[in-house]
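Some notes on the structure that comes next.
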Amino acid sequence: MEGGPLLTDWWKTSTKRFVPYLNISARLPEKPDQQMMTQYGLRGFPTFLILDSEGQILFGKEPYWRPDSPENLEAGLAEVETIFRLKKRVSENPQDQLAKAHLTLILGLLNPDQCSVAEMEAACKVEGVPAEVVGRWLRERSRIRFLEAFGPYRNAFSTGAEKEELARLRKTAMERAFTMVRDGESIGEDDADFRAFWVLAFDGAMEAKDRRVATRCLKTYTDAFGVADRFVKGMKERLGELPVQVE
Amino acid sequence: MTTLFTLRAGRWLTVLLLLWLGGPQTASALDETLEQNYAEKLKKPFVSAISWESSLEKAKQQSAEKNLPIIAYFTRSYAP
């Protein structure tokens with residue numbers, strides 16, 4: 001980076017779009033900002049982050065980002081420049097409900113586990129908010145909803161909790177996943193818990209004897225992981241034993 | 001046999017003495033090397049290519065004044 005991209009004309013001219021901040025870890029405590037790596041929870045070099053004027057991370061930590069080409073720089077800046085435009089609009093006109101709602105959604109999506117669900121839901125209802133941002137929130141909301149029930153089960157499993165406690169937590173997670181699928185909700189295919197979600201939703205549907213939802217779970221699961229997946233055979237057999245519902 | 005033992009013990013004593021004498025100097029020499037590395041890092045062309053802020057507080061002030069994001073670059077001078 002230092003001998004290449006950071007010397008190029010595109011890098012130099014782009015600095016009018018951001019404030020460049022250089023942090024050099026020197027193992028000399030008197031040098032500037034030596035604690036920043038730890039403060040931001042960074043472990044590797046080099047690291048690039050995009051921060052707001054309060055020093056909050058807007059982009060770059062996860063996924064890892066490196067502005068090593070004009071395209072990559074543009075991609076990073078594009079992620080955050082909307083925030084700055086919207087902040088300006090709101091500060092110039094605090095009555096601009098659309099800008100406020102859009103900003104609430106974008107900032108909430110940066111820290112979805114800490115945002116106010118009620119505020120996000122209200123922002124979604126404001127007319128004119130981009131459908132893409134609303135869609136991202138709806139997917140995130142589903143993830144949060146599933147994790148509320150699945151997280152305790154996963155933790156109990158990894159810490160070796162009592163069998164009865166595990167069964168109770170698994171039942172809660174199954175019911176949650178099943179209810180979500182029944183109500184038309186699911187989590188994204190790129191989510192790390194995607195497999196767990198559909199297995200639990202299937203088990204929840206079987207428990208509720210809901211053949212329609214169980215069939216949907218099995219189909220989604222098989223489409224994603226293939227017929228040779230280790231769970232598919234068992235799932236098919238169990239579904240076959242479920243009585244056909246009369247509509 | 002005794003001579004060999006005396007030689008070995010003498011060698012160890014020398015090593016220990018050198019370590020004891022050289023300890024503080026080594027720490028100071030290390031600091032000096034780190035200072036040199038830091039100074040060399042600052043001389044690299046990428047540093048002078050643009051106007052970097054070296055303090056996050058100042059970068060935050062500028063960011064607020066200009067309504068611009070901060071791009072923070074984290075690098076090190078203590079190792080290549």
Side-chain angles (χ1 to χ4, degrees), chain A residues 1-9 11-28 30-33 35-37 39-40 42-60 65-67 73 76-77 79-81 83-85 87-88 91, chain B residues 11-80:
Chain A
M1 286 296 295
E2 293 174 6
L6 298 188
L7 297 174
T8 57
D9 285 339
W11 171 253
K12 290 180 200 168
T13 53
S14 67
T15 52
K16 58 179 179 287
R17 294 170 65 189
F18 58 86
V19 177
Y21 162 63
L22 176 62
N23 183 288
I24 303 173
S25 287
R27 289 201 172 147
L28 295 166
E30 75 280 7
K31 300 299 177 203
D33 294 354
Q35 73 290 3
M36 285 302 162
M37 283 291 287
Q39 244 175 54
Y40 283 113
L42 306 174
R43 277 176 278 179
F45 297 100
T47 292
F48 287 85
L49 297 178
I50 305 187
L51 311 171
D52 68 9
S53 44
E54 279 87 46
Q56 296 294 311
I57 299 175
L58 298 177
F59 187 75
W65 173 68
R66 197 181 271 204
L73 174 67
L77 288 173
E79 286 282 333
V80 302
E81 282 180 336
I83 296 171
F84 284 82
R85 272 200 301 277
K87 275 187 176 173
K88 193 169 180 225
S91 74
Chain B
R11 200 181 296 159
W12 276 110
L13 275 173
T14 312
V15 169
L16 286 171
L17 185 66
L18 280 173
L19 280 175
W20 181 69
L21 287 172
Q25 286 173 350
T26 307
S28 143
L30 180 66
D31 272 1
E32 208 171 292
T33 309
L34 290 172
E35 283 285 357
Q36 275 173 12
N37 291 347
Y38 185 74
E40 275 166 28
K41 187 83 172 181
L42 290 177
K43 282 185 206 154
K44 289 203 169 185
F46 88 92
V47 178
S48 51
I50 61 166
S51 179
W52 296 94
E53 274 299 341
S54 60
S55 145
L56 184 59
E57 275 314 305
K58 284 185 186 163
K60 280 155 67 173
Q61 277 171 21
Q62 272 205 48
S63 164
E65 282 164 22
K66 297 178 182 172
N67 192 43
L68 290 176
I70 299 166
I71 289 192
Y73 174 41
F74 294 84
T75 182
R76 63 184 169 183
S77 60
Y78 61 82

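No hydrogens, no waters, no symmetry mates; every other heavy atom, side chains included, goes into these values.
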Partner chain B: residue of A/Lys31, A/Lys12, A/Arg85 with the largest heavy-atom pair count (under 4.5 Å)
A/Lys31

Is chain B contacted by the side chain of A/Glu30, its backbone, both, or neither, given a heavy-atom distance below 4.5 Å?
side chain

Is the closest side-chain heavy-atom distance between B/Ile70 and A/Asp52 below 4.5 Å?
no

For A/Ser53 against B/Ala64, the heavy-atom pair lying closest together
CB-N, 3.6 Å

OH of A/Tyr21 to OG of B/Ser54, rounded to nearest 0.5 Å, is 8.0 Å

Taking every heavy atom of A/Phe84 against every heavy atom of B/Pro69, the minimum-distance pair comes out as CZ-CA, 3.3 Å

Counting only heavy atoms closer than 4.5 Å, note whether A/Tyr40 contacts chain B via side chain, backbone, both or neither.
side chain

Is any NZ, NE, NH1 or NH2 atom of the basic residue among B/Glu35 and A/Arg27 found under 4.0 Å from an Asp or Glu carboxylate oxygen of the other?
no

A/Asn23 side, atom CG; B/Ser55 side, atom OG - distance, nearest 0.5 Å
10.5 Å

Flag the one option from B/Ser48, B/Ala49, B/Ala72, B/Pro45 with the top tally of heavy-atom pairs under 4.5 Å to chain A.
B/Ala72

Against chain B, work out which of A/Leu7, A/Thr15, A/Leu28 has the most heavy-atom pairs shorter than 4.5 Å and name it.
A/Leu28

Tell me which of these, A/Ile50, A/Val19, A/Leu49, has more heavy-atom pairs under 4.5 Å with chain B than the rest.
A/Val19

Looking only at A/Val80, A/Leu73, A/Leu58, A/Leu42, most heavy-atom pairs under 4.5 Å shared with chain B are made by A/Leu42

Show the nearest heavy-atom pair for residues A/Met36 and B/Phe74, with the distance to one decimal.
CB-CE2, 3.8 Å

State, yes or no, whether a side-chain contact exists between B/Tyr73 and A/Glu2 at a heavy-atom distance under 4.5 Å.
yes

NZ/B/Lys44: more than 12 non-hydrogen atoms of other groups inside 6.0 Å:
no

Counting only non-hydrogen atoms closer than 4.5 Å, does B/Ile50 touch chain A with its backbone (N, CA, C, O), its side chain (CB onward), both, or neither?
side chain

Non-hydrogen atoms of A/Phe45 and B/Thr75 that approach each other most closely
CE2-O, 3.4 Å

Less than 4.5 Å apart, side chain to side chain, heavy atoms only: is that true for A/Trp11 and B/Phe46?
no

Nearest non-hydrogen partners of A/Pro20 and B/Ser51, listed with the distance
CG-O, 3.6 Å

Nearest heavy atoms of A/Ile24 and B/Arg76, plus distance in Å
CG2-C, 4.1 Å

Please tell me if the side chains of A/Trp65 and B/Ile71 come closer than 4.5 Å, counting only heavy atoms from C-beta onward.
yes

Give, as side chain, backbone, both or neither, the part of B/Asn67 having an atom under 4.5 angstrom from any heavy atom of chain A.
both

